[in-house]
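This is the structure I have questions about; it appears just below.
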Amino acid sequence: MPPRTAKPPPDDAKEPSWEPELKPEKWLQARIKKTAGNTPRYEASYYGPYNCLLCHYFPYQRKFLVKPQPKLRIPYNADAADFNPDLISAGLVDRISYTSTGYLVIGRDVPGSVFLEPDFVVVKATEGIRSDRSLLHVEIKLEDNEERWNMAKVQLIEYMETAAHAEQIPMSGLLICGGRVEIYQMKTLADPARRVEKRCAVNSQTLWAFLQAFASENGEK
C-alpha cells in the first residue's frame, strides 16, 4: 500500500503570522550607543549601524528592501509631458522615466525637476521594477540639538509628502539625531505627517516595539 501524503493547503490558506525579534543583537545595541556617545565627525558613521537596525526588522526574506540614499522626485503629469513646449524645445521629452514605485518623473537636470535624497527608505518590493511601495523614510543627523531637529523635521516631512503624491500612503518616518529618534506617521495626503511618539532613545523599547509591529503589519510575502 503506497504511503499516504499530506494534502496541499488550499489556495486561500492564510500565511502564519510573522514578526521580527523585538530586540536587535546586543552588539548592535552597543555599537549604536557608542557611536552616538562618541559624536562622530561624519554622518556616514551612523549609516552602517542604522542600516543593520533596519535590516533586522525589515529582512529581504519578507520582501523588504532597505534603500540607502534613494533619489526622490515629484511625480510628473504624463498627459502634460507630450504638450509641454519647454520640454519639446529642449529635446527633453525622452528624459521622462518611471521610478521603482511606478510613477513618472523627469530627469534631475530638467527645469522644474525636484530632487530629494533621504538617508534610507524601506519599501515593500516585488519581482517587478515599478511596483515598490514606500513604507518608511529615515533621516539622520549628527547632533542632538533643537536646531538640527527642526531642520531635519522639515526634510523628513518633505520626503513623506513627495512619496504621498505618488499615492505611497500610509507611511511612517524616523527622524534620528545622535542617539535619539522621533517617530512620524502620515495616513492620507490631506493629513500632514505627525509625530506619534515622544522623542526617545534609538536603543529603547518604544522604537523597537514600533518597528516590530510596523514590520509585522507589512510582512506578508
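The structure displayed is predicted, hence computed values, not measured ones.
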Fill in: Cluster link Met151 to Tyr46, ILVMFWY, side chain under 4.5 Å
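They do not share one cluster, since no chain of ILVMFWY contacts under 4.5 Å joins Met151 to Tyr46.
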Worksheet entry | Minimum heavy-atom distance Trp149-Arg180, with the two atoms named |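 Result for this residue pair: CH2-O, 3.6 Å.
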Worksheet item: Is a side-chain N or O of Asn203 found less than 3.5 angstrom from the main chain of Gln29, in a donor-acceptor match?
Response: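 Side chain of Asn203 to backbone of Gln29: a pair is present.
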Practice prompt. Taking the side chain as every heavy atom from C-beta outward, state whether Phe58 and Leu211 have any atom pair closer than 4.5 Å.
Written response: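 Side-chain contact under 4.5 Å: yes.
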Discussion item. For the CG atom of Leu135 and the CD atom of Glu217, what is their distance to the nearest 0.5 Å?
Written reply: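 Between atom CG of Leu135 and atom CD of Glu217 there are 10.0 Å.
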Discussion item. For Glu143 versus Cys177, what's the shortest heavy-atom pair and its separation?
Written reply: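 What the structure gives for the nearest pair is O-CB, 3.3 Å.
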Worksheet item: Counting N and O atoms only, with roles assigned by atom type, does the side chain of Ser216 sit under 3.5 Å from a partner on the main chain of Ala213, one being a donor and the other an acceptor?
Response: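 Such a contact is absent between Ser216 side chain and Ala213 backbone.
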Worksheet item: Got a donor-acceptor contact below 3.5 angstrom from the His56 side chain to the Pro20 backbone?
Response: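 No, His56 side chain to Pro20 backbone: no donor-acceptor pair under 3.5 Å.
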Item to complete: Please round to the nearest 0.5 Å and tell me the distance separating atom CG of Asp144 and atom OG1 of Thr39.
Response: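 It comes to 9.5 Å.
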Practice prompt. Considering non-hydrogen atoms only, spot the tightest contact between Ser172 and Phe214 and give its length.
Written response: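 Answer, listing the atom of Ser172 first, then Phe214: OG-CE1, 3.6 Å.
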Discussion item. For residues Trp208 and Trp27: do they belong to one hydrophobic cluster (side chain heavy atoms under 4.5 Å, members Ile, Leu, Val, Met, Phe, Trp, Tyr)?
Written reply: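 Yes, same cluster.
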Worksheet item: Is any side-chain heavy atom of Leu156 less than 4.5 Å from a side-chain heavy atom of Glu182?
Response: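 Side chain of Leu156 against side chain of Glu182, heavy atoms only: no contact under 4.5 Å found.
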Item to complete: Test side chain to side chain contact (heavy atoms under 4.5 Å, CB included) on Phe120 and Glu139 and set out the steps.
Response: CA-CA 7 Å; Phe120 293 100; Glu139 182 63 15; over 6 Å; no
Fill in: Donor-acceptor contact below 3.5 Å, side chain Asn38 vs main chain Pro40
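No, because the side chain of Asn38 does not come within donor-acceptor range (under 3.5 Å) of the backbone of Pro40.
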Practice prompt. Identify the heavy atoms of Glu220 and Lys124 that sit nearest to each other, and give their distance.
Written response: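 That closest heavy-atom pairing would be O-NZ, 2.7 Å.
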Worksheet entry | Nearest atoms (heavy-atom pairs only) where Leu175 meets Ala152 |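 Scanning both residues, the minimum pair turns out to be CD1-CB, 3.0 Å.
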Discussion item. Would you say CD of Gln69 has more than 12 non-hydrogen atoms from neighbouring residues, nucleotides or ligands within 6.0 angstrom?
Written reply: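 Counting other residues, nucleotides and ligands, CD of Gln69 exceeds 12 neighbours.
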Discussion item. Looking at Lys63 and Gln61, would you say the former's side chain and the latter's main chain have a donor-acceptor pair under 3.5 Å?
Written reply: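 The answer is no, because no donor-acceptor pair under 3.5 Å joins these two groups.
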Worksheet item: Is it true that Arg148 and Glu146 make a salt bridge, defined as a side-chain N closer than 4.0 Å to a carboxylate O?
Response: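 The answer is no: the pair does not qualify as a salt bridge.
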Worksheet entry | Non-hydrogen side-chain atoms of Leu142 and Tyr42 separated by less than 4.5 Å |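 In short, these two side chains do not touch, never coming nearer than 4.5 Å.
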Worksheet item: Do Met186 and Arg194 come within less than 4.5 Å of each other through their side chains, counting heavy atoms only?
Response: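 Result no, sub-4.5 Å side-chain heavy-atom pair not found.
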Discussion item. For a 4.5 angstrom cut-off between non-hydrogen side-chain atoms, does Val181 reach Glu197?
Written reply: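 Contact flag for Val181/Glu197 side chains = no.
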Discussion item. Taking Ile157 as the starting point, is it possible to reach Ile140 by hopping between hydrophobic residues whose side chains are less than 4.5 Å apart?
Written reply: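 No, Ile140 does not connect to Ile157 through the hydrophobic network.
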Discussion item. Working note: Met171 + Gln185, criterion side chain to side chain contact (heavy atoms under 4.5 Å, CB included); need CA distance, chi angles, decisive distance, verdict.
Written reply: CA-CA 6 Å; Met171 70 183 70; Gln185 288 185 327; over 6 Å; no
Worksheet entry | Side chain to side chain, Val121 and Val66, heavy atoms closer than 4.5 Å |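 A side-chain contact is absent here, since even the closest heavy-atom pair is not under 4.5 Å.
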Worksheet item: Atom OG1 of Thr162 and atom CG of Leu72: how far apart are they, to the nearest 0.5 Å?
Response: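 One finds 6.5 Å between OG1 of Thr162 and CG of Leu72.
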Practice prompt. Drop me the distance from His137's NE2 to Leu116's CG, to the nearest 0.5 angstrom.
Written response: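 One gets 9.0 Å once the value is rounded to the nearest 0.5 Å.
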Item to complete: Give the intermediate values and the outcome of side chain to side chain contact (heavy atoms under 4.5 Å, CB included) for residues Leu65 and Val122.
Response: CA-CA 6 Å; Leu65 285 179; Val122 178; over 6 Å; no
Fill in: Pairwise distance CG(Asp119) to CD(Glu43) - rounded to 0.5 angstrom
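Rounded to the nearest 0.5 Å, the CG-CD separation comes out at 4.5 Å.
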Worksheet entry | Ser45 to Thr35 - nearest heavy-atom pair and separation |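 It is O-CG2, 4.0 Å.
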Worksheet item: Passes side chain to side chain contact (heavy atoms under 4.5 Å, CB included), Val196 versus Tyr184? Steps please.
Response: CA-CA 6 Å; Val196 295; Tyr184 288 77; over 6 Å; no
Worksheet item: Do the side-chain N and O atoms of Glu161 and Tyr159 include a donor-acceptor pair separated by under 3.5 angstrom?
Response: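 Glu161 vs Tyr159: no donor-acceptor pair found between side chains.
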Discussion item. Measuring only between side-chain heavy atoms, which start at C-beta, is Leu53 closer than 4.5 Å to Val202?
Written reply: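 Yes. Closest side-chain heavy atoms under 4.5 Å.
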Worksheet item: Looking just at side-chain N and O atoms, do Gln212 and Tyr57 make a donor-acceptor pair shorter than 3.5 Å?
Response: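 No.
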Item to complete: Please check if atom CD in Glu25 has more than 12 non-hydrogen atoms from other residues, nucleotides or ligands closer than 6.0 Å.
Response: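 For Glu25, atom CD is not crowded (no more than 12 foreign heavy atoms under 6.0 Å).
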Item to complete: Would you check if Val123 and Phe64 make a side-chain contact, meaning some heavy-atom pair closer than 4.5 Å?
Response: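 Contact flag for Val123/Phe64 side chains = no.
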Practice prompt. State the NZ-NZ distance between Lys26 and Lys23, to the nearest 0.5 angstrom.
Written response: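 Answer rounded to 0.5 Å: 7.5 Å.
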